[in-house]
There are 2 protein chains.
Amino acid sequence: MGRDGKPTKDKILTESKALVLANGFAGTSIDQILERTSITKGAFFYHFKSKNELAKALIKEHAMEDKAELDQALEKTEFLKDDPLDRLLQFVQEFIDMMSSLPAPYPGCLYASYIYETQNFGEEINDFICESISLWRATLEALLSNVLKEYNTKLEIDMKSLADLFKVIFEGAFIVSKALDEPDVIAKQLNHLKTYFELIFESKY
Amino acid sequence: MGRDGKPTKDKILTESKALVLANGFAGTSIDQILERTSITKGAFFYHFKSKNELAKALIKEHAMEDKAELDQALEKTEFLKDDPLDRLLQFVQEFIDMMSSLPAPYPGCLYASYIYETQNFGEEINDFICESISLWRATLEALLSNVLKEYNTKLEIDMKSLADLFKVIFEGAFIVSKALDEPDVIAKQLNHLKTYFELIFESKY
DNA sequence: TTTATTATACCAACTAGTTTGTTTAAATTT
DNA sequence: AAATTTAAACAAACTAGTTGGTATAATAAA
């Protein structure tokens, strides 16, 4: 048994994520990370063999948290599965609640941060982000298709792209929220998505 | 008088913007810009006294183009001002058309790129982005308030945040579009905004 | 019309500092 | 004893920014 390196590695990941969301990945130097974590260069390169390895680890951890939130919202709304529209609406509501209860302004999304400096990362990371976003698309598609079985829509709606609207609003709301320095933008924008769903699915068969 | 420097400066701005949208600002080195523009360092620093001055010039140029697009859409839809809902819908349609007719995948938005490395820029640039986004909010607020005078809404809608939804969807669609490498996401998502407006404002007084 | 002047535009080479990443040896924790 | 961390020095590549000089073209004076 040697000593436990997990606290150090976790600290690197936590502080790096905050720095990357504020400065971008290329705009964050390893020295900055060392300063924030109060560790040494040796310790950093013991845990990550290169800066790009840190990039991978960061996005993978973010994707795991992201998926955990998705799964949690699915789980929490499972009791509503007999009424797929209620479930869809409550699914969105879960994220509204999550964003409302945040004490500080939400720092943003690592996917978006990476997307705007794509070229610096390898194909592996870009594919990984693509898959992560696709998971949201697939999940919303499933929720929507269940609603469609029991509800009709007044207007003709493109359901495939409607599934993307969730992440679209989330990502866009982060940007506008940060730009205007108004943390409550995120919850309010998600609320519009919920209202949109309510208006689309008006009557049961 | 010496020779005309405008083509050089324009080339720097054009190529820099493309590089920044792909690599981020910190992730773009001046040497990279020199390679793309086939000019020398001396010429670069003749036109921009620092890299940060380039950042300012880039965002200001982007903001000008952004405002020009906004004004153009307002102008093009002015003939519909007697029916404010038609005008609002056509206003959105203008951007759908714009995004549909683009030959290549739209490269993204410089505001968003900067927002995810805010810390590197001065307060001046951040305030500037804030004002630029606020202009969209104010414009949509005005269009919406005209609609509200003549139409009623079934559900109670938060009109202030509804004004933000335009930019939210635009920015979010850029990110999802880039992440999935699907250029048509942008037009499709804007189409949902249009449908949302249609559903909100159902009946005239 | 030629010549000199001047403001602008640009180039090539250089500098000072920063970056990621390496190395080594000792110290600390389990 | 094994795994983790420190400390400090180091290198190679890259970074933003500077310097001194040159080219261009319009203008003014001869």
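Being a predicted model, the structure only gives us computed values, none of them experimental. Below, chain A is the first sequence line, B the second, and so on; all start at residue 1.
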For I30(B) and dA16(C), give me the distance from atom CD1 to atom P, rounded to whole Å.
18 Å

Whole-Å gap separating P (dG17(D)) and CD (E53(B))
10 Å

Whole-Å gap separating P (dC10(C)) and NZ (K6(B))
13 Å

L34(A) atom CG is separated from dT5(D) atom C1', nearest whole Å, by 13 Å

With a cut-off of less than 4.0 Å, is there a side-chain N or O of H47(B) near OP1 or OP2 of dC10(C)?
yes

List in numerical order all residues of residues 11-29 of chain A for which some heavy atom is under 4.0 Å away from an atom belonging to DNA chain C.
T28(A), S29(A)

Residues two or more places apart in sequence or in another chain: which of them pass salt bridge (Lys or Arg N to Asp or Glu O under 4.0 Å) with D158(B)?
none

Which heavy-atom pair separates A63(B) from Y111(B) by the least distance, and what is that distance?
CA-OH, 3.3 Å

Starting at CD1 of I33(B) and ending at C1' of dT15(D), how long is that distance when rounded to a whole Å?
12 Å

Quick check: Y196(B) with Y196(A) (ring centres under 6.0 Å apart)?
yes

If you count the non-hydrogen atoms of other residues, nucleotides and ligands that lie under 6.0 Å from CD in Q32(A), is the total more than 12?
yes

Ignoring hydrogens and angles, does a donor from either the side chain of K51(B) or the base of dG17(D) sit under 3.5 Å from an acceptor on the other?
no

Nearest whole angstrom, please: distance from the C1' of dT23(C) to the NZ of K49(A).
18 Å

Minimum-distance nucleotide to S50(A) side chain [options: dG17(D), dG21(C), dC10(C)]
dG21(C)

Any side-chain N or O of Y46(B) below 4.0 angstrom from OP1/OP2 of dA9(C)?
yes

What orientation do Y114(B) and F121(B) show, parallel under 30°, tilted 30 to 60°, or perpendicular over 60°?
parallel

Rounded to whole Å, CZ of F44(A) lies from P of dA7(D) at a distance of 18 Å

Given dC10(C), is OP1 or OP2 found less than 4.0 Å from the side-chain N or O atoms of T8(B)?
yes

Do the ring planes of F95(B) and F166(B) sit parallel (below 30°), tilted (30 to 60°) or perpendicular (above 60°)?
perpendicular

Closest nucleotide of DNA chain C for D31(A) versus for F45(A): which of these residues is on the 5' side?
D31(A)

Over how many whole Å does the gap from F48(B) atom CZ to dT18(D) atom C1' extend?
18 Å

Using distance alone, with no hydrogens and no angle criterion, decide if Q90(B) and D86(B) have a side-chain donor and acceptor under 3.5 Å apart.
no

Does a distance-only test, which skips hydrogens and angles, find a donor-acceptor pair under 3.5 Å between the side chain of K41(B) and the base of dA16(D)?
yes

